[in-house]
Amino acid sequence: MKRNLVFSLTFLLIISSCTNKPVEEGLTAKNGMVVSAREEASKIGIEILKKGGNAFDAMIATDLALAVSHQSAGNIGGGGFMVYRKANGETGALDYREKAPLSASKDMYLDKQGNVIKGLSLAGAMAIGVPGTIAGIFEVYEKFGSLPIETIFQPAIDLANKGVVVTTKQSAKIKSHLKYFKLVNKEEILFQEEINAGDTLRFPNLANTLDRVMKKGKDEFYKGETARKLVDFIKDNNGIISLKDLELYEAVWRDPVEFEYDNLKVISMSPPSSGGVCLEQIMKMIEPYDINDLAHNSLDYIKILVEAERRSFADRSYYLGDPDFVSIPKEQLVGKEYLLERMSNFSFDSPTPSNEISYGNVEILESDETTHYSIVDQFGNAIAVTTTLNGSYGSQLYCSELGFFLNNEMDDFSSKPGSPNMFGLIGGSANKIEPQKRMLSSMTPTIVEKENKLFMTLGSPGGSRIITSVLQTILNVHEFNMSMNRAVNSARFHHQWMPDIIKIEQNSFNSKLIQELKLFGYNIDYKDPIGIVDGILVKPNGILEAGADKRGDDTAVGF
Ligand code: DON
């Protein structure tokens with residue numbers, strides 16, 4: 001954004017008086033705030049803060065509470081990323097992404113003719129990556145934890161024993177997955193019966209697993225009784241994860257991606273997530289344009305974002321992968337000259353077809369579930385965490401004895417060059433399967449500073465749509481002066497290079513605009529939802545404002 005202050009202020013006044021309805025604020029709080037996919041989890045996080053715990057203690061408690069109350073995505077059988085900014089301005093990132101097992105291989109999802117075997121990376125034990133969540137939680141605790149581990153774990157254990165009341169959205173999701181649960185699991189699982197909104201689900205086996213991990217530590221999950229039971233279960237379902245795989249798993253501290261945009265500093269997740277790099281590319285590609293002179297979600301605004309997004313996703317598919325395995329030309333990819341050159345054929349007069357940027361044709365198969373939560377504590381520390389099983393309920397494989405679902409994160413690898421994964425993303429050799437490698441992610445937990453102070457913490461589920469959802473939310477606040485609540489709940493659109501389609505949320509854009517986009521030459525398709533963003537904004541007076549996305553059951557709790 002190149003801001004002409006007088007013009008901008010006048011324009012903002014016009015915008016807020018006619019286009020944007022009055023700013024609707026989300027929940028506000030003075031001391032601390034947790035925004036997550038479930039009220040139970042946000043409440044548990046806040047209780048930890050009220051006991052004097054910090055954002056990192058609350059992160060662990062909230063994560064575990066989501067593993068109990070939001071089992072389609074919250075997990076101990078998956079992995080995730082955390083970005084943090086401490087009150088003193090120190091920043092960092094934790095990678096507890098799943099890894100390919102030791103006996104994984106490049107062609108493990110291909111048949112003899114070299115074709116992708118449908119579903120093998122998506123459902124059942126072959127789809128599972130070595131889980132990272134418990135390692136991540138203990139890494140956070142060792143570095144930053146301040147309360148006794150029992151104080152942090154016990155609320156989630158109690159919740160699992162007491163039970164969780166099923167919401168309408170959860171019951172619909174469970175119903176839509178029953179046929180897959182039946183196909184994949186040998187025996188009846190807890191989720192086999194039809195479950196209705198208002199029913200209480202109890203998880204005693206998950207409570208026992210969490211209790212053992214609380215008492216014996218991380219090794220219980222990676223080397224102890226839980227590890228042995230998990231490996232036996234996976235073997236029994238024809239999977240390849242071994243005890244050695246679990247023993248070798250470690251979470252890794254990484255340097256986050258950090259860059260400036262106007263007077264903001266954006267701190268986001270580095271590879272093996274593509275989130276931070278793509279966010280930096282897109283924001284730097286659009287920065288030369290006067291974004292705040294355009295109306296929100298107007299034709300020209302959509303053109304600029306879409307064209308930057310397609311260029312960035314084309315780079316993603318070629319260059320990005322696990323930095324422990326491939327060398328990523330990061331500085332080049334986000335270089336000013338490079339990005340100017342990348343946008344040099346952008347024009348407001350006609351779209352740039354994706355196949356002129358690179359080649360490839362894809363069809364998509366979609367399903368989705370991941371979860372993001374944001375926390376700011378009473379000391380001024382902030383965290384952004386996105387965690388996932390990949391698809392809703394991951395591989396659909398539920399280990400009844402231990403009480404949790406296992407991820408299908410292996411689908412985030414590129415099974416075959418040019419062949420799309422469940423988000424329609426295509427990848428190349430940088431993201432090919434190799435033993436012990438982490439699969440490329442789009443998860444974009446992000447913290448934003450303004451003039452050296454904490455400004456926002458946010459993130460989203462939604463696969464490839466995560467990056468564009470986080471992008472639009474930051475722009476909504478920064479360029480269009482929205483409250484956090486309004487910013488997360490505004491309509492979104494998405495382009496990911498291939499397929500060459502703009503996805504828009506149904507009933508959110510007027511038919512005239514859609515017609516104009518089509519006339520301009522864009523292919524339009526509908527997708528609901530595009531991201532479920534949770535975030536916290538620090539207002540100029542220091543008050544925290546929550547944005548809990550109405551697209552989910554997301555809830556903010558503050559104090
Ligand atoms: O890491 C990734 O990019 C995907 N496994 C995330 C999956 C996801 O967001 C599904 N959600 N809605």
Side-chain angles (χ1 to χ4, degrees), residues 37 66 70-75 77-83 93 95-100 121-123 127-133 136 169 173 176-177 268-279 312-313 316-317 320-322 364-373 384-396 405-415 420-427 431 437-446 458-470 492 494 496 503 505 527-534 549 551-554:
L66 286 166
H70 187 51
Q71 297 211 7
S72 55
N75 66 80
F81 299 110
M82 175 180 80
V83 170
D95 164 4
Y96 53 99
R97 180 74 162 163
E98 299 92 323
K99 293 177 85 164
S121 66
L122 281 173
I128 308 169
V130 182
T133 297
K169 285 181 178 133
K173 197 168 281 173
S176 69
H177 279 75
S268 191
M269 194 59 216
S270 43
S273 180
S274 60
V277 174
C278 289
L279 194 62
S312 175
F313 274 90
R316 177 196 194 275
S317 89
L320 301 188
D322 181 348
I364 344 182
L365 224 172
E366 286 184 349
S367 147
D368 48 19
E369 192 71 29
T370 289
T371 192
H372 175 87
Y373 57 92
V385 175
T386 315
T387 177
T388 191
L389 292 166
N390 194 24
S392 283
Y393 308 99
S395 63
Q396 317 296 305
F405 280 102
L406 288 146
N407 69 81
N408 61 345
E409 220 72 60
M410 290 295 285
D411 190 62
D412 272 346
F413 277 118
S414 163
S415 294
N421 74 359
M422 70 188 281
F423 300 104
L425 290 167
I426 56 179
N431 190 31
K437 189 178 180 183
R438 289 173 154 95
M439 52 298 276
L440 185 62
S441 172
S442 301
M443 291 190 281
T444 316
T446 298
L458 76 165
S460 176
S464 49
R465 297 177 295 274
I466 293 173
I467 298 169
T468 48
S469 299
V470 169
R492 289 190 279 267
H494 167 80
Q496 59 178 51
K503 296 264 181 189
E505 291 181 310
K527 169 74 193 166
D528 281 293
I530 291 181
I532 303 179
V533 180
D534 282 343
D549 203 319
R551 295 165 177 88
D553 290 324
D554 300 54

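Atoms within each ligand, like the ligands themselves, are counted from 1 in listed order. Everything numeric in this text was worked out from a predicted model, so none of it was measured. Here, residue 1 is the first one in the sequence, and each next residue gets the next number.
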Using heavy atoms and a threshold below 4.0 Å, how should the contact between [X] and ligand 1 be classified: side chain, backbone, both, or neither?
X	value
M439	neither
T370	both
R97	side chain

Determine whether a donor-acceptor pair (N or O, by modelled atom type, separation under 3.5 Å) exists between the side chain of [X] and the backbone of [Y].
X	Y	answer
S460	S469	no
S273	M269	no
N407	S395	no

Could you say whether the N/O atoms of [X] and ligand 1 ever approach to under 3.5 Å?
X	result
F423	no
I466	no
S442	yes

Against heavy atoms of M443, which atoms of ligand 1 measure under 4.0 Å?
-> 1 (O), 3 (O)

Evaluate side chain to side chain donor-acceptor pair (under 3.5 Å) for S441 paired with D412, printing each intermediate quantity in order.
-> CA-CA 7 Å; S441 172; D412 272 346; 5.3 Å; no

Take H494 and F423, measure what ring pair (Phe, Tyr, Trp, His ring centres under 6.0 Å) needs, and give me the verdict at the end.
-> CA-CA 12 Å; H494 167 80; F423 300 104; 9.8 Å; no

Going by heavy atoms, is R465 under 4.0 Å from ligand 1?
-> no

Identified side chain to side chain contact (heavy atoms under 4.5 Å, CB included) partner of P529 from the options R465, R492, R551 | R551

